[in-house]
Amino acid sequence: MCDLRERLALSRDRVAEIKSELDTFLSTKIPAEIRGNLRACFAGAADYLGSCFFVIDRLGDSLFSPEGPGVEDWKDISTEEWKEINRILYAPLMEGAYAQSYANPDMAVKLGTYGEVLSFLLAEIYSLPGYIFDGQLFMIVTLTELFLEIYGRFGDEDAPAVQSLEEAVRFHVTDYLEEIVRIGARNSFLPLENTLYRVVMQEDLSDPAYLYKLGEYISDTELEMAAFLNTLSEEEIDAMAATFVDGYRRGFDTMRVPFAGKTTVGIRYILGQERMIRRVIRRFEEIGLKPILTRVPGSRVNLRGTVRKGITGTPASRQFIYDHRMDEALFLDPQYVDRKLSALRKAYEELLQENADVFTGYAGPAVVESFGEETFMPAKKEGVITLSEQQQELSTTLYARSAMLLQEFLPGESYSFSIIAWPSPEIGPDFREIFRDTVRINTLKNEEYIPLQQKLIDAMDPADHILVEGCGENRTRMRVKMRKLADPAGQTQYENCVADVNIPLGEVFTSPVLSGTEGTLHVSGVYLNGYYFKDLEIVFKDGMVSSYSCGNYADEEAGRAYIRENILFNHETLPIGEFAIGTNMPAYFMAKKYDILGKLPILIVEKTGPHFALGDTCYSHSEDTAVFNPDGKEIISRENDFSLLRDTAPEKAYFNCHTDITIPYREIGRIAAVYPDGREKELIRDGRFVLPGTEALNREI
């Protein structure tokens, strides 16, 4: 610890000298125009680092103590000062500042061939706030030293070669890879009493100013959410928490996962929800689970594309996240893949040495999402760092092998999960009404839906295939191949899904046979993995994606690249891992009432129509665990041609993604079960359930 403090002191002194020497420091062999932009880039970075050092000093020595800062340590910091701390830490990314930042690829091109490396460097530096509030002295020191290392190379008589800067980045990643991965693993699986936990459980949540103490960017959205939750009664907050925690606990019984011996739960939520999360944590503690609260990783080493797993809020800049989604291109090569996997194994083994029950005691993630945020369609930029075709293959290989490695320590059948979603204030002026309607949606009664959904299952189980056809301008025409049941009295193809792991209730789903599943899936507009897709069309042959397009960009190839990155996750193709029919008409009518269908999260929107999931099945890594419906029948459609390879060719068995694409009821012409003799039985016509015995599903909220 002492060594790190000394290194930080030396680095701070060096950063403080930068602005005064820039006029004479930079090599004169660098073209004048680029040198001017370099001067502005380094001056801005030095200013930002200076602001971070100021915040470190203001927050005090307790930041880096083993116990971390307590409530009393920050009691002399006023609300206005907290606001200012938050502003200066996120200033380069908020409001219109990012447009002028050299982290922005549009500005980075002004740095000539140095642009990509320096843009990456700034992006890494802008992750410092989380490290500061978590007392991660190692990350603060090493990132500052990387900045100084790269800056120092511009002081040589000759202009530095771009290769030397890229080499500095690779050395940084190589030298500190084990520790960065170790930090990520510990944050994911240990119930640490970090800053996030202390604020949620100890601060006065009646004043939304507590949010600034979390160290994340705080916008009006988070403040409004916190203020709204403070208007709810203790009974209302407790009911929301009970719905979530009780559903989580039921998931173990539904999935036949033993709950005995579970000691921890990974909690992810949206900033502003702390009053509810505090009650959630207490309810989890009542059933023996300690919470794990962790931030979205800051280092590109622990990130995958734009996926943000952890406690999140409104980003200071969504475009910034999108622009830097492939920054690992600067160091991703076969050697890095091997080193990363080795570092992961070592990190997991160290966790086991520290606590033999760390993985067997992990109960799984409990995720609270939000919906209704302003629709974001990212701008495509020429200067963005991108993965080569070889690196795209390496990336998919790395994540596949990482998942296989984690499976060794944490088998998929050994834990459960649960997800629920609440509206964000960004959804508009009807936020409060939508929130209360969402409470009703999330608390629909399982016992009312089980028999209605069973009617659909009984009609589809004997079918040869299911037809799904769009209406109006929707071009969907899908043929979904089904299995033949060997024991219809004891087996079923569909899960009768109610409110446990996925809240709200309302779907029946299966893993279809790939061979014979074909056609066109079309949606006029849909929000997937945080991004909006307009006029999305995907064509399938034998259950695999064969072509795709969208209307987001005038350039067709740009649209294809957008889909490949954010739905296919750089795979050449993906299988249909799931076919489902959503039955939650109240959610659909709520969306129609407030005109928010395009803003619903996948979690809810998948219950408002038929949907197809690209990627792994719903039973990924748990295919060998028998699962049963409430009627006692075993669900046999738990895998497909790929998951069958898990023992013989495990690297080909999983794709490590699962994206649901829903066609809303209003775009459905009909869904029909087609039997081996050619007979058809309609389940849905013109967006309404018509199968006898299911008419009650058409009810409004």
Side-chain angles (χ1 to χ4, degrees), residues 200 205 225-226 228-255 257 259 262 265-270 272-289 291 293 311 363-372 415-424 427 431-450 452-453 495-507 582-591 600-608 630 699 701:
V200 171
L205 303 185
M225 173 59 85
F228 169 70
L229 289 182
N230 277 327
T231 68
L232 302 183
S233 68
E234 285 295 327
E235 291 75 18
E236 288 173 305
I237 291 292
D238 191 62
M240 292 166 63
T243 295
F244 183 47
V245 176
D246 292 350
Y248 183 92
R249 179 62 185 85
R250 281 196 306 273
F252 284 85
D253 298 330
T254 301
M255 299 175 71
V257 175
F259 184 75
K262 298 303 180 186
V265 54
I267 298 178
R268 307 174 198 159
Y269 74 91
I270 306 299
Q273 299 175 346
E274 285 76 18
R275 184 171 175 225
M276 180 186 64
I277 295 301
R278 177 181 287 183
R279 192 67 191 96
V280 165
I281 288 174
R282 286 175 176 163
R283 278 191 165 266
F284 273 128
E285 289 175 339
E286 288 169 7
I287 60 173
L289 300 181
L293 302 179
I311 293 172
V367 183
V368 186
E369 297 182 339
S370 72
F371 63 92
Y415 62 91
S416 185
F417 67 94
S418 191
I419 309 176
I420 197 170
W422 304 101
S424 161
I427 205 163
F431 162 63
R432 291 174 179 246
E433 291 77 13
I434 294 170
F435 197 100
R436 294 188 183 280
D437 278 354
T438 303
V439 171
R440 288 192 281 273
I441 293 295
N442 284 340
T443 53
L444 291 171
K445 303 299 183 183
N446 290 347
E447 57 270 21
E448 294 179 12
Y449 274 75
I450 288 173
L452 296 173
Q453 293 179 167
E495 179 162 329
N496 193 333
C497 183
V498 285
D500 38 56
V501 296
N502 278 332
I503 304 170
L505 55 68
E507 66 173 316
T583 63
N584 197 322
M585 274 283 191
Y588 174 71
F589 284 114
M590 178 188 75
L600 292 182
I602 289 176
L603 178 66
I604 297 179
V605 81
E606 70 176 359
K607 315 296 172 48
T608 64
R699 61 187 168 186
I701 188 171

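No hydrogens, no waters, no symmetry mates; every other heavy atom, side chains included, goes into these values. Residues take their numbers from the sequence shown, with the count starting at 1.
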- Message: Quick check on side-chain contact (heavy atoms from CB on, under 4.5 Å): which of I420, I419, L603, I267 does V367 satisfy it with?
- Response: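 Only one of I420, I419, L603, I267 forms a side-chain contact (heavy atoms from CB on, under 4.5 Å) with V367, namely I419.
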* Please name the residue in the list E286, E235, E234 that meets the salt bridge (Lys or Arg N to Asp or Glu O under 4.0 Å) test with R279. =>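 The residue from E286, E235, E234 that satisfies salt bridge (Lys or Arg N to Asp or Glu O under 4.0 Å) with R279 turns out to be E286.
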Candidates F284, F417, F259 - the one meeting ring pair (Phe, Tyr, Trp, His ring centres under 6.0 Å) with Y248: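 So, applying the ring pair (Phe, Tyr, Trp, His ring centres under 6.0 Å) to Y248 and each of F284, F417, F259, only F284 qualifies.
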Any donor-acceptor pair under 3.5 Å from [X] side chain to [Y] backbone:
X: R275; Y: L232; answer: yes
X: R699; Y: P586; answer: no
X: N496; Y: Q453; answer: no
X: N230; Y: L205; answer: yes

Nearest atoms (heavy-atom pairs only) where [X] meets [Y]:
X: Y415; Y: A363; value: CB-O, 3.4 Å
X: A587; Y: L600; value: O-CD1, 4.4 Å
X: I604; Y: P504; value: CG1-CD, 3.8 Å
X: S418; Y: F244; value: O-CE1, 3.9 Å
X: N446; Y: A499; value: OD1-N, 3.1 Å
X: G364; Y: V265; value: O-CG2, 3.4 Å

Could you tell me if the side chain of [Y] sits less than 4.5 Å from the side chain of [X], heavy atoms only?
X: D246; Y: R250; result: yes
X: E606; Y: E507; result: yes
X: F435; Y: M225; result: yes
X: V439; Y: W422; result: yes
X: Y588; Y: K607; result: no
X: S424; Y: I270; result: no
X: M585; Y: M590; result: no
X: K445; Y: L505; result: no

How far does [atom1] of [X] sit from [atom2] of [Y], to the nearest 0.5 angstrom?
X: S370; Y: I427; atom1: OG; atom2: CD1; result: 9.5 Å
X: R282; Y: I287; atom1: CZ; atom2: CD1; result: 15.5 Å
X: E274; Y: L293; atom1: CD; atom2: CG; result: 10.0 Å
X: R436; Y: I441; atom1: CZ; atom2: CD1; result: 15.0 Å
X: T243; Y: L444; atom1: OG1; atom2: CG; result: 10.5 Å

Report task. For the residue pair T254 and D500, confirm or rule out a side-chain donor-acceptor distance under 3.5 Å. Result ->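 Note: T254 and D500 side chains meet the donor-acceptor criterion.
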Taking atom types as modelled and ignoring hydrogens, do the side chains of Y269 and E369 form a donor-acceptor contact shorter than 3.5 angstrom?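 Short answer, no.
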**Study point:** R432 to F228 six-membered ring, cation-pi geometry met (6.0 Å, 45°)
**Key:**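 R432 over F228 ring: no.
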